[in-house]
Amino acid sequence: MSSRSETDPVASPSLWWDGLVRGDAHPPLETDATAQYAIVGGGYTGLWTAYFLKLIQPDADIVLVEAQRIGHGASGRNGGWLMGALEGCAAFVDDTGVLPIAARQQLTQLVSRAGDVLAKEGIDCDFYHGGCVMAAARHDIQVGRARGMLDDFWRLGFTEDDYHWLTPQELSERIRVSNPGGAVFTPHVARIHPAKLVTGLAAVVEALGVRIFEHTRAHRITPGLVSCDRGSIHTEQVVIATEGYSESGNPLYRRMIPVQTGMVATEPLSDQQWSTLGFHQNETFADCTRAATYLQRTADQRLVIGARGHYLPGGVPQHALADSSAIGRTREGIALGLFPQLSGVRFTHSWGGSVGVPRGWHPHVVHDAHSRLATAGGYIGEGVGASFLFGQTLAELLTDQQTERTQMPWVHRGCLADLRRWEPEPLPGLGLKATMTAFAAEEWLLERVGDSAATRAVSWLCDHLDPH
Ligand SMILES: Cc1cc2nc3c(=O)[nH]c(=O)nc-3n(C[C@H](O)[C@H](O)[C@H](O)COP(=O)(O)OP(=O)(O)OC[C@H]3O[C@@H](n4cnc5c(N)ncnc54)[C@H](O)[C@@H]3O)c2cc1C
């Protein structure tokens, strides 16, 4: 495994940067500058916002600053599920308890729309629209959970075309898990290569005339002024796109806290090995556990496996990846539990990153026409697809367009301070630690004693601790 540098994701052990040829870094901002739009953060949200601004207003003068390199944050480290879904979208139901039809359409059309834009712009990021299988794959108790999840989707107003049940046999025909109990299938997910997407998108926006400065941290973000290390940007409009990497000096600090999640990747597998695993449609895959697993078959024939992680004391974004070996061991265990046929396979990469979690537990697009500060995010680990939709929405809000997207229930026309702050430390840490410990205890009991009174008691506790 390669050694990592804190400042350069190319040198990090994230699979996605391994062998990816990219040019020299964009030079940092060295003097004061002016711009119509100043975007802070070089991940998908900042870049999609810049892209759509340029489509709407080709002569827009846009500066984008990134503290490290493009894709340093979650956008260069994720599991590559481009989803037509939002985590926490139950918060957006109408009086009848249903997600408004226009909102459902935005989500169910998202993956195809993103695919069309990627094709149009020639961004080759291994996009494959194969859907997603969310399975009862190890424990019998997961069957009820998967069925419950399907009911929840239908209750929100989604149809069988959007989410439907796979019998154990249908599940096995797609994915060969150890204990197939059935699954929910949705067509609304595509697989992508995260780093190819973020670098490809950056190249497109640069070609459209956006000025990108890397290794340029915004120390202070205020209306009309973004102050960086060696220069400030005087601007009409600031877009904050820093998500789980929002630190002190940023208006989103403590309104968004970083929770780490981690991944491992196997070595490339042979056709014979894939024939024992399935994934013939390059489906993304999750097993219905509270560890929130997410797997994909990569274009270079690896299996990558991710699962929910921890909250680091003090709420620090995870730049250092100090515990990547622990991250790796747990995920390898999950992979072998799901697929005993992986026994003996080499795991070659282990990495992690921070996802942004807002206090309200649902994502947002915020546009403050008065202060001219705007943001989008709070994706809770589901921002690969959502950032495409939210970036377009932000661009439309910033250019005073009235579209169906700008009317969506996740759009807030008000100030950033309306986003709730997290409680002071150590409360968030203690709460999240208690939740993660209960989840781990449930998993331990399921593995060792199966469905028992003790397991059910811990599951009950988990249901009450789970914010969803
Ligand atoms: C391991 C992992 C797996 C995931 N898997 C999935 C998945 O499969 N599907 C999915 O939908 N989502 C997934 N996510 C979440 C998804 O990657 C994010 O929601 C999405 O990338 C967020 O994009 P963003 O541009 O908003 O933020 P980021 O990509 O985090 O970008 C924020 C950027 O802002 C920069 N920055 C911060 N502060 C400053 C400053 N002061 N000045 C300048 N720059 C600054 C950071 O360096 C960073 O590059 C995963 C996340 C992780 C970590």
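Order of appearance sets the numbers: ligands from 1, and atoms from 1 within every ligand.
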**G71 N/O to ligand 1 N/O under 3.5 Å** = no
**Message:** Show me which atoms of ligand 1 lie under 4.0 Å from any heavy atom of S354.
**Reply:** 53 (C)
**Message:** Just checking R413: does its CZ atom have more than 12 heavy atoms from other residues, nucleotides or ligands closer to it than 6.0 angstrom?
**Reply:** yes
**Prompt:** Is it true that G381 lies under 4.0 Å from ligand 1, counting heavy atoms only?
**Reply:** yes
**Prompt:** Does ligand 1 have an atom that lies less than 4.0 angstrom from a heavy atom of E247?
**Reply:** no
**Asked** How many angstroms lie between CD in E332 and CG in L342, if you round to the nearest 0.5 Å?
**Response** 10.5 Å
**Asked** In terms of atom number and element, which parts of ligand 1 are under 4.0 angstrom from non-hydrogen atoms of V65?
**Response** 43 (C), 44 (N)
**Prompt:** G353 to ligand 1: N or O pair under 3.5 Å?
**Reply:** no
**Request:** Just jot down the side-chain hydrogen bond (donor to acceptor under 3.5 Å, both in side chains) partners of Q407, sequence neighbours excluded, or say none.
**Result:** Q402
**Request:** Report yes or no: does G377 have a heavy atom closer than 4.0 Å to ligand 1?
**Result:** no
**Message:** Within the 4.0 Å heavy-atom shell around G41, which atoms of ligand 1 are there?
**Reply:** 33 (C), 34 (O), 35 (C), 44 (N)
**Message:** Heavy-atom pairs closer than 4.0 Å: do any link ligand 1 to the side chain of T216, the backbone, both, or neither?
**Reply:** backbone
**Request:** Would you kindly specify which portion of T261 sits under 4.0 Å from ligand 1, judged on non-hydrogen atoms: side chain, backbone, both or neither?
**Result:** both
**Message:** Check this for me: does any side-chain nitrogen of one of R254 and E247 sit under 4.0 Å from a carboxylate oxygen of the other?
**Reply:** no
**Message:** Using a 4.0 Å heavy-atom cut-off, which part of W351 comes near ligand 1: side chain, backbone, both, or neither?
**Reply:** neither
**Fill in**
Among I39, N78, I240, T242, closest by heavy atom to atom 50 (C) of ligand 1 is N78
**Item:** Whether E236 side chain and A35 backbone form a donor-acceptor pair below 3.5 Å
**Value:** no
**Prompt:** Can you tell which of E66, R220, M83 gets a heavy atom nearest to atom 48 (C) of ligand 1?
**Reply:** E66
**Asked** Hey, is M263 touching ligand 1 through its side chain, its backbone, both or neither, going by heavy atoms under 4.0 Å?
**Response** side chain
**Prompt:** Are the charged groups of K54 and E206 less than 4.0 angstrom apart, N to O?
**Reply:** no
**Prompt:** At the 4.0 Å heavy-atom cut-off, does S387 count as touching ligand 1?
**Reply:** no
**Message:** Is it the case that the side chains of Y51 and Q392 hold a donor-acceptor pair, with the cut-off being a distance below 3.5 Å and no angle test?
**Reply:** no
**Request:** May I ask you to check whether Y253 and Y245 place their ring centres under 6.0 Å from each other?
**Result:** no
**Request:** Report, in ascending order of atom number, the atoms of ligand 1 lying under 4.0 Å from any heavy atom of G73.
**Result:** 29 (O), 30 (O), 48 (C), 49 (O)
**Complete:** ligand 1 to G79, heavy atom cutoff 4.0 Å, flagged ligand atoms 3 (C), 4 (C), 5 (N), 6 (C), 7 (C), 8 (O)
**Fill in**
Within 4.0 Å of some non-hydrogen atom of Y44, the atoms of ligand 1 are 21 (O), 25 (O)
**Message:** Using a 6.0 Å distance limit plus a 45 degree cone around the ring axis, check whether R174 lies over the aromatic ring of F185.
**Reply:** yes
**Request:** From the options G43, P258, S75, S14, select the one whose nearest heavy atom is closest to atom 23 (O) of ligand 1.
**Result:** S75
**Fill in**
Under 4.0 Å between heavy atoms, the region of A241 that gets near ligand 1 turns out to be backbone
**Asked** Backbone or side chain, does any N or O of G244 fall under 3.5 Å from an N or O of ligand 1?
**Response** no
**Prompt:** When you measure from the side chain of T284 to the backbone N and O of G131, does any donor-acceptor pair fall under 3.5 Å?
**Reply:** yes
**Request:** Using a 4.0 Å heavy-atom cut-off, say whether R77 meets ligand 1 through its side chain, its backbone, both or neither.
**Result:** backbone
**Message:** Quick one about T298 and D300 (side-chain donor to acceptor, distance below 3.5 Å, no hydrogens or angles considered), yes or no?
**Reply:** yes
**Message:** Among T284, L64, T45, L295, which one puts a heavy atom closest to atom 24 (P) of ligand 1?
**Reply:** T45
**Request:** Examine the proximity of ligand 1 to Y379 and report which part, side chain or backbone, both or neither, has a heavy atom under 4.0 Å away.
**Result:** side chain
**Asked** Under a heavy-atom criterion of less than 4.0 Å, does G80 contact ligand 1?
**Response** yes
**Item:** Between T348 and E267, a side-chain donor and acceptor under 3.5 Å
**Value:** no
**Asked** Counting heavy atoms only, which of G42, G76, G383 comes nearest to atom 19 (O) of ligand 1?
**Response** G383
**Prompt:** How are the rings of Y163 and H188 set to each other: parallel, tilted or perpendicular (split at 30° and 60°)?
**Reply:** perpendicular
**Message:** Can you confirm whether the side chains of T45 and Y379 place a donor and an acceptor under 3.5 Å from each other?
**Reply:** yes
**Prompt:** Taking atom CG of L397 and atom OG1 of T399, what is their separation to the nearest 0.5 Å?
**Reply:** 8.0 Å
**Prompt:** Between R297 and W274, is NZ or CZ placed under 6.0 angstrom from the six-membered ring centre and within 45° of the ring axis?
**Reply:** yes
**R255 and S246 side chains, donor-acceptor separation under 3.5 Å** = no
**Request:** Just jot down the ligand 1 atoms closer than 4.0 angstrom to any heavy atom of E382, in number order.
**Result:** 10 (C), 11 (O), 12 (N)
**Request:** Give the numbers and elements of all ligand 1 atoms closer than 4.0 Å to a heavy atom of E243.
**Result:** 26 (O), 27 (O)
**Asked** Just distances here: any N/O of A74 and N/O of ligand 1 closer than 3.5 Å?
**Response** yes
